[in-house]
Amino acid sequence: MTAGCGLRPRPHRVVGRRRLAGDVVSLELEPLEGEPLAFRAGQFNMLTAFGVGEVAISISSAPGEGSTLHHTVRDVGAVSHALTASRVGSLVGVRGAFGTDWGVDALEAEDVVVVAGGIGLAPLRGAIEQLVSSRTRRRRREGAPEAPHPGEHHPPREAREHHSTQPRPPHLHLSVLVGARRPDQLIFEDDLERWREAGAEVEVTVDLATPGWEGGVGVVTALVPRITACEPDRSVAFVCGPELMMRFSARALLDWGMDPERIFVSLERNMQCGCGICGHCQLGPLLLCRDGPVVRYDRTVASLLQERER
Amino acid sequence: MGASSPWKAQHIAGAPNDTAPARTDAADATVLDVEGLVTLLEVLARRGYRVLGPRVRDGAIVHGELSSVADLPRGWHDAQSPGSYRIEHTDDEAFFAWAVGPSSPKREVFPARSVAWRGRVSEGEVAFEDGDAASEQRPTALVGARPCEAAALGVLDRVLGDRGAGDPHFLKRREGAFLVVVECATPSGTCFCDSMGTGPAAGNGFDLALTELAGDGGGHRFLARAGSEIGAEVLSCLPGRPADEADRAARTALLERARTSMGRVLDTAGLPALLARNVEHPRFDEVAERCLACGNCTLVCPTCFCSTVEDASDVAGVLERRRSWSSCFDLAHSYLHGGPVRASTMSRYRQWMTHKLSTWWDQFETSGCVGCGRCITWCPVGIDITEEAAAIRRSDGARRGRRGGR
Ligand SMILES: Cc1cc2nc3c(=O)[nH]c(=O)nc-3n(C[C@H](O)[C@H](O)[C@H](O)COP(=O)(O)OP(=O)(O)OC[C@H]3O[C@@H](n4cnc5c(N)ncnc54)[C@H](O)[C@@H]3O)c2cc1C
Ligand code: SF4
Ligand code: SF4
Ligand code: FES
C-alpha cells in the first residue's frame, strides 16, 4: 500500500500540537482538502516544513483512530526543529504513506512483544493502539458478545475462529517494554497507562533515574526475560529505537527463546524521497523506503547493520 | 505521440528490458544512404522534436543540439583506457566510429539539476507552480545513442520509472522521447557491453536502430530497423531500399569485429552471489587505498540515479525544492544524525561496486551495470570495475582483517 512518487507534498493544517517531552512534539494534521491519507501502522510520511526541508517521520496514530494524522517529532536538526516549532493553524506538507508496516492486520492469535527505545515508540504507537482496541473488544466478546464498533479493526476471520476453538486466558498477551534515557524523556505516558488499564503488560525503564522516579532503572533489554504476558514460542516482536538498542533487543529476544523469523525491527537511513527514486536509503539488497522501514530481523539484516562499524 | 514508444510499452506492461525478446537480426531492414540520414534529422525536427546527437565539444564527443548532419562527429574516433580519454580526427567518412563519451542520455531524462516543485505558501493555502522544465520543453529525439545506452535507459525505467509509479518528471521526459540507436563498430578499450549482453548489437529499447556500413565496397550507408510503431512511421518517410544479403553480411561481420575488439571482459557467471558473499574481501581495502572518493564514476555512469533535494525560498516568498544528482561516494549521502553510515572510502567503494553488480539485481531485477566502460575511463586513478570483480573471483572467500573495533 505504498503511495506512488508524487513529488508535491499535500498541504495539511496543524490542528493539534502537544509537547510530549523536552524536545519531542506531537502534531495532529488534517488535509486542507480531500480524504485523509490511508496508511498502516508502521508506515511513514515525508513531512515538509515549508521553506526549510523535508524529512521522513513515522505515523504515530493508528489507522482509524480519528480523522487526523499524528506525527511525533524530536527536535534534532533544522527540519525537525521547524516541524516541532510549527503552531496550530500553520501548514505542513505530507507525502506518503510509504514503506512496509508492522503487519498488525495479518496477525492471528500471536502474543505481541513491543520493545521501544526513546522516540522509537512513535512508529509503534499505532500498532499498539490497534492491538489494544481490537483485542480488548475480542476479550469482551468472549465474555458477553458485543457488537463491534463501526470503523474499528476486526481480527482476521481465521484468528477469530482459532480463538473460539482454543480459548486463551482472557488478557491481551501484549507486552510493551519501553526504555528512555531519563524520566523526562518518556513519551506517550498517558497512553502507557491506558494500555496498562486495558490489560497490556507495560514495563518502563530509564537509563538514568532523577529524583522522584519510582520506576525501573537499566537498559530496556533487561526487561525481556521478565516478560509474563507473552510466551516466546507464540510471540511476534516489534522493535524500534536506536540501531544498537535494536540489535541488543533482538539478541535478548532470541535468548528468551524467540524465533528470529518473528522479530521485526524498524530501520532508519537517510531518506530524500521516500518512494524509491533517490537511492539514499540503501541497505545492501534493500531500499529501506520501499522494502522497509519494517524488516524481519534475519541474518542478512543482522549482518548488514554492522556495516556502520566497518 | 509517445504512446507507442517501446519505452513506455515496456514499463507499463512491466516487461523487463533485459528479458524481453531482443530482435537483433536485420531481416527486414531498410538501407539508407547519407541523404537518408539527412532526411531523418529533418523528419524528426518537422515532427516537433528537439533533435540531440553527438557533437565534438571541448575535446570530447558529447550530446548537443543537432541542426544538421554537419554537426555530427564525422571522422572522429575516441581512444579510451583506464583513466584516459582522447579523441582524434582522420579523413574517415564514418559519422559514428567512436564508442561513448562522458555524457549519456541519462541527462536528457534525468537532468543533473531540476526543480521538483515550486510554490507559494500563504496563510491558508499552498499554490504550486509547475516547476519542471520538462513540461515546457519539446520532446527529445536522441540520435546516435549506443545499444548500451538504450539498455541503460531500460534500467532507469525500472528504477526511476517503477512501472509508471515512479518519478513523474522522469516518466514525462521518457514517454515523449524518440531514440535512434547506432550499433557499435568501434568499441573502446574500456567497453564490455558484450559481457553484459547490452551490445554491440541493438536488441530493443529503441525507436530506430542504425548500423553504419562503410568501406566494404557497398558504399557509405545505414541499415535501419524500426523498434516501435512510431519508429516504423518515421522510417517509412525516409528514402531507402530493402537490405540485401550483402548488406546483412556486412553488418554481421561488423558486429563480430566489434564483439572481439572490446577492451574489457567481465565474467558475470554467478556474479551477484559472488559479491554478496565477499563483502568482507580484502580487495575492498586495497582498492580504497587508491580510490579518491571523487564520485566521477557515478557522475558518468548512465544508470546511477541518486539524487538529493534541497529546499530554498526567495525574498518574494516563492519556495523551491531543488533536486540534483548525488553520489554514494559523498559522505552526506548516507548521513544520519550522528554521522554517515558509510564513513570509510572502503565502505563507499564497496557500496557502489556491489550495488552495480549485485544488489541492483535484488532491488530492481536487473544489473546496474551495462558495460559502457565510462567509470573506468573517467576514474582519475584508473580503477577498473571489471578488474576489481575479477580479483575477488580469483580469491573468492578471502576475508579482510578487522581494523579497529572488535
Ligand atoms: C523511516 C523513518 C522514520 C522516522 N521517524 C521519525 C519520527 O517518527 N520522529 C522523528 O523525530 N524522527 C524520525 N526519523 C528521523 C528523521 O527523518 C530525521 O532524520 C530527523 O528528524 C533529523 O532531521 P533534521 O533535518 O531535522 O536534522 P539534521 O539536519 O539531519 O540534523 C540532525 C543532527 O545532526 C546535526 N547535523 C546536521 N547536519 C550535519 C552535518 N552535515 N554534519 C554533522 N552534523 C550535522 C544537527 O545539528 C542535528 O544535531 C525517521 C527517519 C526515518 C528514515
Ligand atoms: S558501472 Fe561503469 S561500466 Fe557499468 S554502466 Fe556504469 S559507468 Fe558503465
Ligand atoms: S572509483 Fe575512481 S572515479 Fe570512482 S570515486 Fe573512486 S577515484 Fe573517483
Ligand atoms: S528514500 Fe529515496 S530511494 Fe529510499
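Because the structure is a prediction, the values reported are computed rather than measured. In what follows, every chain begins at residue 1, and chains take the letters A, B, ... in the order their sequences are listed.
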Which bit of [X] is near chain A, if near means a heavy-atom gap under 4.5 Å: side chain, backbone, both or neither?
| X | result |
| --- | --- |
| B/S358 | neither |
| B/V309 | both |
| B/A276 | neither |
| B/S327 | neither |

When you compare the side chains of [X] and [Y], does any donor N or O come within less than 3.5 Å of an acceptor on the partner?
| X | Y | result |
| --- | --- | --- |
| B/H333 | A/N270 | no |
| A/E54 | A/Q272 | no |
| B/S334 | A/H280 | no |
| B/Q363 | B/H355 | yes |

Original post:
Of the listed residues (B/L160, B/V159, B/V121, B/T308), which shares the most heavy-atom pairs with chain A below a 4.5 Å separation?
Top reply: B/T308
Subject >> chain A interface, residue from B/S326, B/P272, B/C306 that has the most non-hydrogen pairs under 4.5 Å >> reply: B/C306
**OP:** Please confirm whether B/R350 makes a cation-pi placement over B/F329, using NZ or CZ under 6.0 Å from the six-membered ring centre and within 45° of the ring normal.
**Re:** no
With a 4.5 angstrom heavy-atom cut-off, could you sort out which part of [X] is near chain B: side chain, backbone, both or neither?
| X | answer |
| --- | --- |
| A/L287 | both |
| A/I277 | both |
| A/E268 | both |

**OP:** Check step by step if side-chain contact (heavy atoms from CB on, under 4.5 Å) holds for B/L319 and B/S313.
**Re:** CA-CA 4 Å; B/L319 309 179; B/S313 55; 3.3 Å; yes
Original post:
Within the distance-only criterion (no hydrogens, no angle test), does the side chain of B/S114 pair as donor or acceptor with the backbone N or O of B/F110 below 3.5 angstrom?
Top reply: no
Subject >> Any donor-acceptor pair under 3.5 Å from B/R348 side chain to B/A343 backbone >> reply: yes
**OP:** Among A/L286, A/D291, A/T300, single out the residue with the greatest number of heavy-atom pairs under 4.5 Å to chain B.
**Re:** A/L286
**OP:** For chain B, find which of A/G53, A/C273, A/G6, A/G89 contributes the most heavy-atom pairs closer than 4.5 angstrom.
**Re:** A/G53
